[in-house]
Student: 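Structure provided below as structure tokens; questions to follow.
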There are 2 protein chains.
Amino acid sequence: MPGPSAAVPDATVERLPLYHQVLADLAREGETTVSSVRLAELAGVNAAKVRKDLSFLGSYGTRGVGYDVEFLMLQVQRTLGLTGDARVVIVGFGNLGQALANYGGFGERGFPVTAIVDADPDKIGTQVPRSDANGESATERVVVEHVERLAEVVRDHKITVGVIATPQHAAQAAADALVAAGIQSILSFAPVVLDVPESVPWRKVDLATELQILSFYQARSGSLQHPA
Amino acid sequence: MPGPSAAVPDATVERLPLYHQVLADLAREGETTVSSVRLAELAGVNAAKVRKDLSFLGSYGTRGVGYDVEFLMLQVQRTLGLTGDARVVIVGFGNLGQALANYGGFGERGFPVTAIVDADPDKIGTQVPRSDANGESATERVVVEHVERLAEVVRDHKITVGVIATPQHAAQAAADALVAAGIQSILSFAPVVLDVPESVPWRKVDLATELQILSFYQARSGSLQHPA
DNA sequence: TAGTGTGAAACTTTTCACAGCT
DNA sequence: AGCTGTGAAAAGTTTCACACTA
């Protein structure tokens with residue numbers, strides 16, 4: 001037997017969350033099956049790519065019919081290792097940290113923000129409403145704690161993901177603290193390359209980078225290709 | 001002559017903002033030159049890749065020495081089409097919109113948030129401090145306006161970039177309004193594929209997607225490869 | 001000598017096109 | 001008839017390795 005998770009290419013992995021999102025939308029609308037062509041349309045990619053990508057998860061389609069929406073969504077979840085319970089700590093409660101804490105999107109998509117830490121004593125004790133996949137619960141709150149308590153907080157709440165929302169100069173220290181606390185992966189909003197052990201996967205989201213890339217494509221679409 | 005902007009590969013374009021950031025850091029520290037090896041180290045990529053990438057901008061290095069930091073930064077800016085004056089409007093003043101509006105990072109990096117619109121009448125008139133590359137100015141404020149005034153706002157403030165921070169269901173309408181208002185490019189935080197004309201480049205940042213991808217790599221680093 | 005710029009090789013990703021299943 | 005799954009071709013990207021030059 002082919003063994004599903006033998007080796008999923010990186011390019012495919014990066015698209016799986018997109019398919020997952022589209023499948024979730026289809027399921028919400030009551031669709032039970034979907035073809036690669038339709039899925040590709042909704043995801044904004046080529047249909048052959050969808051089929052190739054999905055083939056790395058296993059042979060879960062039915063020829064002449066398509067894919068079962070619910071079942072395929074489960075396979076994507078399994079492949080990505082989504083257990084529905086990956087708790088998040090936000091490090092840094094400045095503008096961005098507060099923004100992310102109030103933004104319910106993490107919780108809605110299975111990554112509840114379970115703790116927040118900051119180095120500034122004035123911020124300790126601030127409360128933020130806690131929201132998870134079931135929406136916002138009026139009673140539950142997250143309280144900002146001191147960054148020195150990070151290891152305890154991570155242990156006590158069984159937190160696996162750290163989000164760095166500190167200023168640039170504090171990002172590496174935040175990463176070190178997260179690693180020391182035994183975190184399993186890191187998402188950073190600081191525009192620097194982090195130095196962390198191989199065993200701790202991390203990603204960087206730089207919002208200004210996204211705008212700069214857009215700037216290039218916008219400039220290019222204006223001057224449609226040079227003459228040779 | 002080779003003509004600098006003949007055709008920069010997409011993969012290179014996506015890394016240019018990273019190099020730009022590293023160069024800005026070096027300049028701030030007073031470094032005047034940098035080798036591909038050092039630049040690669042700081043950017044977390046391979047040195048040959050740095051050289052190849054930079055060669056698409058032109059031959060701006062000096063053999064035996066390296067690259068001039070300031071000059072190279074200018075070339076990157078020119079290639080990306082960064083004029084230092086690309087004004088932004090945020091559509092949607094919910095949790096995420098407020099977060100982005102208060103987060104000074106856009107302005108600091110040359111994309112000042114110059115206007116904010118929302119469909120909710122209760123939010124119209126709310127003020128947010130305006131921050132640009134020179135920091136926050138106590139006097140200048142951005143006032144939330146009604147989304148129906150979007151076209152005027154875009155015209156009057158010479159805004160070129162739209163940021164969609166609405167709920168998912170309102171994202172396409174926001175995109176339509178931005179296109180109608182003559183916006184030049186769109187950054188969306190809604191997890192849907194937008195339908196906009198070819199001439200309007202757009203990108204999507206889905207924060208949950210980033211966490212889901214991390215989930216995969218974390219799961220993989222645990223179970224280091226299957227036996228055959 | 002130290003470090004760029006670049007052909008060519010290696011590898012990855014995308015796309016095509018169609019056999020084969022339901 | 002319709003749609004998947006996949007080899008094989010094409011396109012794109014990364015890495016190597018070294019001629020070249022300041």
Side-chain angles (χ1 to χ4, degrees), chain A residues 1-16 18-19 22-23 26 31-69 71-73 75-76 79 213 216-217 220 225, chain B residues 1-16 18-19 22-23 26 31-69 71-72 75-76 79 213 216-217 220:
Chain A
M1 46 178 160
S5 69
V8 183
D10 287 0
T12 295
V13 171
E14 305 249 325
R15 279 186 297 269
L16 289 180
L18 172 60
Y19 301 150
V22 170
L23 290 167
L26 286 168
E31 302 287 331
T32 59
T33 60
V34 65
S35 71
S36 60
V37 172
R38 178 109 184 83
L39 186 39
E41 225 168 69
L42 296 169
V45 304
N46 165 311
K49 191 185 276 182
V50 168
R51 290 201 297 279
K52 189 67 115 186
D53 281 341
L54 296 181
S55 77
F56 291 114
L57 316 194
S59 284
Y60 299 130
T62 307
R63 291 168 197 232
V65 179
Y67 303 87
D68 183 277
V69 171
F71 184 76
L72 187 55
M73 195 162 32
Q75 296 314 313
V76 174
T79 308
I213 294 172
F216 176 91
Y217 288 116
R220 176 149 86 187
Q225 248 69 341
Chain B
M1 48 177 162
S5 68
V8 183
D10 287 0
T12 295
V13 171
E14 304 250 325
R15 280 185 297 267
L16 289 180
L18 173 60
Y19 301 150
V22 169
L23 289 167
L26 286 168
E31 301 287 332
T32 59
T33 60
V34 65
S35 70
S36 61
V37 173
R38 179 107 183 83
L39 186 39
E41 224 169 71
L42 295 169
V45 304
N46 164 311
K49 190 184 278 182
V50 168
R51 290 201 297 279
K52 190 65 117 188
D53 282 341
L54 296 182
S55 77
F56 291 114
L57 316 194
S59 283
Y60 299 130
T62 307
R63 291 169 197 231
V65 178
Y67 303 86
D68 182 278
V69 171
F71 184 75
L72 187 57
Q75 297 313 314
V76 174
T79 307
I213 294 172
F216 176 90
Y217 288 117
R220 175 150 86 187

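The chains referred to below are lettered A, B, ... by the order of the sequence lines, with proteins before strands, and numbering in each begins at 1.
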Student: So which heavy atom on B/L72 is nearest to which on B/L39, and how close?
Tutor: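 Scanning both residues completely, I find the closest heavy atoms to be CD2-CD2, 4.2 Å.
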Student: Could you list where the contact with chain A starts and ends along DNA chain D, reading 5' to 3', using a 4.0 Å heavy-atom cut-off?
Tutor: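 Reading along DNA chain D, I get D/dG2 to D/dA8.
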Student: With rounding to the nearest 0.5 angstrom, report the OG1 to OH distance, A/T62 to A/Y67.
Tutor: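 Output value for this atom pair is 9.5 Å.
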Student: Can you check the B/L39 CG to C/dG5 C1' distance for me, whole Å?
Tutor: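 Answer to the nearest Å: 15 Å.
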Student: Can you list every pair that meets salt bridge (charged side-chain N to carboxylate O under 4.0 Å, His left out) and has a residue in residues 42-55 of chain A, with sequence neighbours left out?
Tutor: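 For residues 42-55 of chain A, and leaving out neighbouring residues, the salt bridge (charged side-chain N to carboxylate O under 4.0 Å, His left out) pairs sorted by first residue read A/R15-A/D53.
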Student: Could you state the atom-to-atom distance from CZ of A/F56 to P of C/dT14 in whole Å?
Tutor: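 In whole Å, C/dT14 P lies 10 Å from A/F56 CZ.
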Student: Taking a pair as Watson-Crick (N1 to N3 plus N6-O4 or O6-N4) or G-U wobble (N1-O2 and O6-N3), both under 3.5 Å, which stems of 3 or more consecutive pairs involve DNA chain D?
Tutor: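 Stem segments, range with range: C:1-22 with D:1-22.
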Student: Kindly compute the distance separating CD (A/E14) from CG (A/L16), expressed to the nearest 0.5 Å.
Tutor: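 If we round to the nearest 0.5 Å, A/E14:CD and A/L16:CG are 9.5 Å apart.
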Student: Restricting to side-chain contact (heavy atoms from CB on, under 4.5 Å), what partner residues turn up for A/S35, sequence neighbours left out?
Tutor: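 Per chain and number, A/S35 pairs via side-chain contact (heavy atoms from CB on, under 4.5 Å) with A/V37, A/R38.
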Student: So, taking the atom named CG in A/L57 and the one named OH in A/Y19, what distance separates them when rounded to the nearest 0.5 Å?
Tutor: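 If I round to the nearest 0.5 Å, the distance is 9.5 Å.
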Student: With sequence neighbours excluded, what pairs up with A/A40 under the side-chain contact (heavy atoms from CB on, under 4.5 Å) test?
Tutor: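 So A/A40 forms a side-chain contact (heavy atoms from CB on, under 4.5 Å) with A/V45, A/A47, A/V50.
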Student: How many angstroms lie between CZ in B/F71 and CG in B/L23, if you round to the nearest 0.5 Å?
Tutor: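 Answer for the CZ-CG pair, B/F71 versus B/L23, is 12.5 Å.
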Student: Flag the pair A/V34 / A/V22 as yes when at least one side-chain heavy-atom distance between them is below 4.5 Å, and no otherwise.
Tutor: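 Not in contact.
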Student: Rounded to whole Å, how long is the line connecting atom CG of B/N46 with atom P of C/dG5?
Tutor: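 My rounded result for the distance is 16 Å.
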Student: Quick one: label A/R38 by what it contacts on the DNA or RNA (base, sugar-phosphate, nothing), any heavy atom closer than 4.0 Å.
Tutor: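 Nothing: the residue A/R38, judged by heavy atoms under 4.0 Å, touches no strand.
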Student: Could you check whether any side-chain heavy atom of A/D10 comes within less than 4.5 Å of a side-chain heavy atom of B/Y217, counting everything from C-beta outward?
Tutor: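 Yes - at least one pair of side-chain heavy atoms lies under 4.5 Å apart.
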Student: Hey, which sits more toward the 5' end of DNA chain D by its nearest nucleotide, B/R15 or A/G61?
Tutor: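 The answer here is A/G61.
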Student: Is there a residue in residues 47-54 of chain B whose heavy atoms reach under 4.0 Å of DNA chain D, and which residues are they?
Tutor: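 Of all residues in residues 47-54 of chain B, the ones placing a heavy atom under 4.0 Å from DNA chain D are B/A48, B/K49, B/R51, B/K52.
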Student: Which comes earlier along DNA chain C counting from the 5' end, the contact point of A/A11 or that of B/S55, where each point is its nearest nucleotide?
Tutor: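 In this pair, the answer is B/S55.
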